[in-house]
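Everything numeric here is computed off the predicted structure, so don't read it as measured data. Residues: numbered from 1 along the sequence shown. When reading the values below, keep in mind they use all heavy atoms of this one structure, side chains included, and skip hydrogens, waters and symmetry mates.
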Amino acid sequence: MAKIAIMGFGTVGSGVLEVCRRNAASIARRVGEPVEVKYILDVRDFSDSPDAALFVKDLDIILADPEVRVVVETIGGTKFAYPYVRRCLESGRSVCTSNKEMVATYGAELLALAREHNVAFLFEASVGGGTPIITPMHQCLAANHISSIEGIVNGTTNFMLTKMKRENMGFGAALKIAQQLGYAETKDPSDDVDGRDACRKIAILASLASGSAVYPDNIPTRGIRQIAVADIKAAEKLESAIKLIAWYKELPDGGVSAGVEPMLVPDTNQLANVDDVFNAVLMKGDMLGDVIFYGKGAGKLPTASAVVADVIDALKDGAKIHDSLFWQPAPKREGMLPDDAAYSWYIRARGISAAVLASLAGPGSPVDEGPEGVSYRMQGATPAVVNAVCEKVGLLGGHVDLVLKQMEE
């Protein structure tokens with residue numbers, strides 16, 4: 001019998017225990033032996049739980065037990081999770097995690113540590129929740145060179161933008177509903193609405209695609225706080241939707257670029273019709289062409305099912321899985337990753353007339369004019385040119401409230 005331990009007994013951790021029990025027969029069939037949770041590490045009091053006998057408060061108890069072969073980490077963050085995971089890997093135990101912050105920040109180091117100690121470090125649930133992305137990327141697409149990734153990887157903001165579009169609802173009202181439904185944190189939803197969650201996820205995908213560590217600190221990140229109903233309606237006039245897009249692309253010189261930002265997505269693009277809490281990631285392979293992964297990005301059992309799938313792989317394949325799942329360490333660069341390409345842009349400004357904005361922005365077309373200001377679609381401009389236009393608007397006493405890049409069709 002294969003024994004495992006769970007670190008952190010919140011939503012995902014409790015889901016892992018539930019999945020292991022409910023699907024015990026099918027899991028045992030795939031592993032070749034029964035899988036049992038022997039310990040649950042959590043500092044909180046679970047003495048009233050039916051599983052009280054499983055709970056421990058000291059990691060050393062788990063590390064001292066030679067029966068434990070795999071440890072699941074669902075603590076979250078890095079303060080405790082990172083040193084605990086290091087100790088587990090160094091002790092010769094595989095680790096499976098859903099912790100996107102830890103993988104994005106320390107992934108290269110932990111992958112190298114796993115290979116050094118002949119164990120597995122797996123993190124399928126860190127990007128797509130229950131939607132498989134990591135495994136298909138390093139196994140099914142292994143014969144492809146991935147040159148670009150574009151995706152909706154945060155279900156909370158996608159739900160909010162869908163609400164804003166369907167019900168003419170402002171940002172604040174949409175956030176309140178997302179919080180009431182448990183999609184957004186009630187105390188501090190900034191990881192979602194300011195794009196940090198999506199930033200960590202695209203850092204992981206970019207690292208895997210490029211083969212070298214890409215850090216969240218180097219990825220320009222902007223959330224959806226500035227999106228107004230007027231922008232949603234303007235996007236509809238342009239036969240587009242506004243989505244929070246996490247993207248990565250390989251540059252002609254061999255470098256890479258990445259970002260997280262709300263973008264104008266044409267209705268002809270597959271991502272424009274991904275609504276509510278669903279996620280979708282579009283990848284471009286040199287042999288396969290475009291491939292899209294679609295599904296719910298969160299939820300207790302969907303996410304837990306991805307973690308348990310990693311447990312099965314860790315027990316079956318161990319360190320062999322890192323023949324394809326890895327990326328190389330790289331120094332963190334100074335400043336942000338570059339993006340100097342030309343795009344079409346949507347600009348909303350106040351304090352100036354539509355005619356003045358048009359004269360400053362150059363080739364393009366007016367979109368809307370109302371209480372929120374005037375909006376204009378620029379054609380074929382680089383980010384530097386757009387920044388220069390924003391500065392000119394400011395010099396004339398106006399203010400640019402929103403700039404959106406337009407995705408390709």
Side-chain angles (χ1 to χ4, degrees), residues 148 150-152 157-158 161-162 164-165 168 170-171 195 220-249 251-252 257-274 282 284 336-409:
S148 71
E150 295 170 327
I152 297 166
T157 50
N158 205 44
L161 290 169
T162 302
M164 293 171 72
K165 179 177 181 178
N168 294 324
F171 170 86
T221 300
R222 192 158 54 97
I224 66 167
R225 290 185 190 269
Q226 281 70 47
I227 306 296
V229 174
D231 303 311
I232 303 289
K233 292 187 172 298
E236 290 180 322
K237 288 184 178 181
L238 296 170
E239 297 182 327
S240 301
I242 296 175
K243 299 291 184 181
L244 184 67
I245 300 295
W247 58 270
Y248 155 86
K249 65 181 179 181
L251 301 176
S257 185
V260 174
E261 58 192 307
M263 295 177 72
L264 203 64
V265 184
D267 290 341
T268 51
N269 188 297
Q270 296 175 82
L271 297 179
N273 298 310
V274 177
L282 179 65
K284 186 180 292 294
M336 296 294 168
L337 292 169
D339 181 24
D340 301 323
Y343 305 89
S344 292
W345 302 82
Y346 167 87
I347 297 180
R348 174 166 55 83
R350 53 187 164 83
I352 60 171
S353 68
V356 171
L357 180 58
S359 67
L360 294 175
S365 56
V367 181
D368 200 9
E369 186 170 1
E372 297 285 348
V374 296
S375 54
Y376 189 82
R377 179 162 63 176
M378 290 179 64
Q379 294 178 357
T382 64
V385 170
V386 175
N387 289 337
V389 170
C390 295
E391 290 178 4
K392 291 175 183 176
V393 169
L395 291 173
L396 293 175
H399 187 270
V400 173
D401 288 328
L402 183 67
V403 174
L404 298 179
K405 185 189 297 178
Q406 180 174 308
M407 286 183 68
E408 294 180 1
E409 295 186 1

Find out whether [X] and [Y] are in side-chain contact, i.e. whether some heavy atom of one side chain is under 4.5 Å from a heavy atom of the other.
| X | Y | value |
| --- | --- | --- |
| Ser240 | Val265 | no |
| Pro338 | Leu251 | yes |
| Val374 | Asp368 | no |
| Lys165 | Glu236 | yes |
| Met407 | Pro266 | yes |
| Leu396 | Leu360 | yes |

Mind jotting down which residue pairs meet the side-chain hydrogen bond (donor to acceptor under 3.5 Å, both in side chains) criterion with at least one end in residues 257-270? Sequence neighbours excluded, please.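 Every pair satisfying side-chain hydrogen bond (donor to acceptor under 3.5 Å, both in side chains) with a residue in residues 257-270: Trp247-Glu261, Glu261-Lys405.
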
Can you list every pair that meets side-chain hydrogen bond (donor to acceptor under 3.5 Å, both in side chains) and has a residue in residues 369-391, with sequence neighbours left out?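 Every side-chain hydrogen bond (donor to acceptor under 3.5 Å, both in side chains) pair that includes a residue of residues 369-391, provided the two are not neighbours, is Arg377-Gln406.
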
Kindly write out the residues that satisfy side-chain contact (heavy atoms from CB on, under 4.5 Å) with Asn158, not counting sequence neighbours, or none if the list is empty.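 Result, side-chain contact (heavy atoms from CB on, under 4.5 Å) vs Asn158: Ile152, Lys243, Val274.
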
State, to 0.1 Å, how close [X] and [Y] come at their nearest heavy-atom pair, and which atoms those are.
| X | Y | value |
| --- | --- | --- |
| Val393 | Ala349 | CG1-CB, 4.4 Å |
| Ala341 | Pro383 | O-CD, 3.1 Å |
| Pro220 | Ala258 | CD-O, 3.3 Å |
| Ala342 | Gly380 | CB-C, 4.1 Å |
| Val260 | Gly195 | CG1-O, 3.9 Å |
| Ile352 | Gly398 | CG2-CA, 3.9 Å |

Mind checking side-chain hydrogen bond (donor to acceptor under 3.5 Å, both in side chains) for Tyr346 and listing every partner two or more places apart, or none if nothing turns up?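 Residues passing side-chain hydrogen bond (donor to acceptor under 3.5 Å, both in side chains) with Tyr346: Asp231.
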
By side-chain hydrogen bond (donor to acceptor under 3.5 Å, both in side chains) - contacts of Arg350 (at least two apart):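 side-chain hydrogen bond (donor to acceptor under 3.5 Å, both in side chains) check on Arg350 returns Asp401.
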
I need the [X] [atom1] to [Y] [atom2] distance, nearest 0.5 Å.
| X | Y | atom1 | atom2 | answer |
| --- | --- | --- | --- | --- |
| Ile232 | Leu161 | CD1 | CG | 5.5 Å |
| Ser344 | Leu264 | OG | CG | 9.0 Å |
| Ile245 | Thr157 | CD1 | OG1 | 9.5 Å |
| Ile227 | Leu404 | CD1 | CG | 5.0 Å |
| Leu271 | Met263 | CG | CE | 9.5 Å |

Sequence neighbours excluded, which residues qualify as ring pair (Phe, Tyr, Trp, His ring centres under 6.0 Å) partners of Tyr343?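 In terms of ring pair (Phe, Tyr, Trp, His ring centres under 6.0 Å), with neighbours along the sequence ignored, Tyr343 is linked to Trp345.
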
For Glu239, does the CD atom have more than 12 heavy-atom neighbours from other residues, nucleotides or ligands under 6.0 Å away?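 For Glu239, atom CD is not crowded (no more than 12 foreign heavy atoms under 6.0 Å).
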
